[in-house]
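Read through the structure below, which is laid out as structure tokens, and then see the notes.
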Amino acid sequence: MPRRKLDPLPSVAFQILLAMADDPLHGYAIMRQVEEQTEGRTRLGPATLYGSIQALLEAGLIKDVDAPAGDDSGSERRRYYGITGSGRKIACEEAERLAGVLRVARAKKILRGEYV
């Protein structure tokens, strides 16, 4: 079986999928959401963001979608992206993989505290 381009899923791609888990977003909103959900630890520049979006589109993990009802931005150029079923599945698998890593880190007493 050929190796997938996004296997393993890069951290930025995972953060983008998480950002879109609730609603479709446009590029700038994805940038803001990723920064917020990582408490400022991850800031995406345009090249990283749109390169990752292109890879996610090509892999079928996200898709172009219509602007949500009530979008009054007036920007004809604004593109919205939504997570696909495959994208949600891959994000879930990555979250489970990371949860397993956290379990090992706790067992090895590397990580302590109130984490997942």
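Note that these values count all heavy atoms, side chains included, but never hydrogens, waters or copies made by symmetry. Every value quoted in this text rests on a predicted model; they were computed, and no experiment measured them.
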Exercise. Are K108 and V104 close enough that some pair of their side-chain heavy atoms sits under 4.5 Å apart?
Worked result: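 With C-beta onward as the side chain, the pair touches.
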Exercise. Is there a side-chain contact between L56 and Y81, using heavy atoms and a 4.5 Å cut-off?
Worked result: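 Contact flag for L56/Y81 side chains = no.
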Problem set entry | Expected output: side-chain T38 to main-chain V34 donor-acceptor under 3.5 Å |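 Present.
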What's the spacing between [X] [atom1] and [Y] [atom2] if we round to 0.5 Å?
X	Y	atom1	atom2	answer
I53	I62	CD1	CD1	5.5 Å
L17	S86	CG	OG	11.0 Å
I90	L61	CD1	CG	6.0 Å
I16	I83	CD1	CD1	11.0 Å
E39	T42	CD	OG1	10.5 Å
Y28	L49	OH	CG	12.0 Å

For this session: Scan residues 56-65 for pairs that pass side-chain hydrogen bond (donor to acceptor under 3.5 Å, both in side chains), counting only residues two or more places apart or in two chains.
Result: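 Checked against side-chain hydrogen bond (donor to acceptor under 3.5 Å, both in side chains) - neighbours excluded - the pairs reaching residues 56-65 are Q54-E58, D64-R79.
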Problem set entry | Hydrophobic cluster identity match, V101 and L18, side-chain contacts under 4.5 Å |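 Result: no, two separate clusters.
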Kindly give the heavy-atom pair with the smallest separation between [X] and [Y], and that separation in Å.
X	Y	result
A91	F14	O-CE1, 3.3 Å
S52	V12	OG-CG1, 3.4 Å
T84	G60	OG1-O, 2.7 Å

Which residues pass the side-chain hydrogen bond (donor to acceptor under 3.5 Å, both in side chains) test with [X], not counting sequence neighbours?
X	result
R43	E35
R97	E94
Q37	Q15, Q33
K89	E93

Problem set entry | Set of residues satisfying salt bridge (Lys or Arg N to Asp or Glu O under 4.0 Å) with respect to E96, sequence neighbours excluded |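 E96: no salt bridge (Lys or Arg N to Asp or Glu O under 4.0 Å) contacts found.
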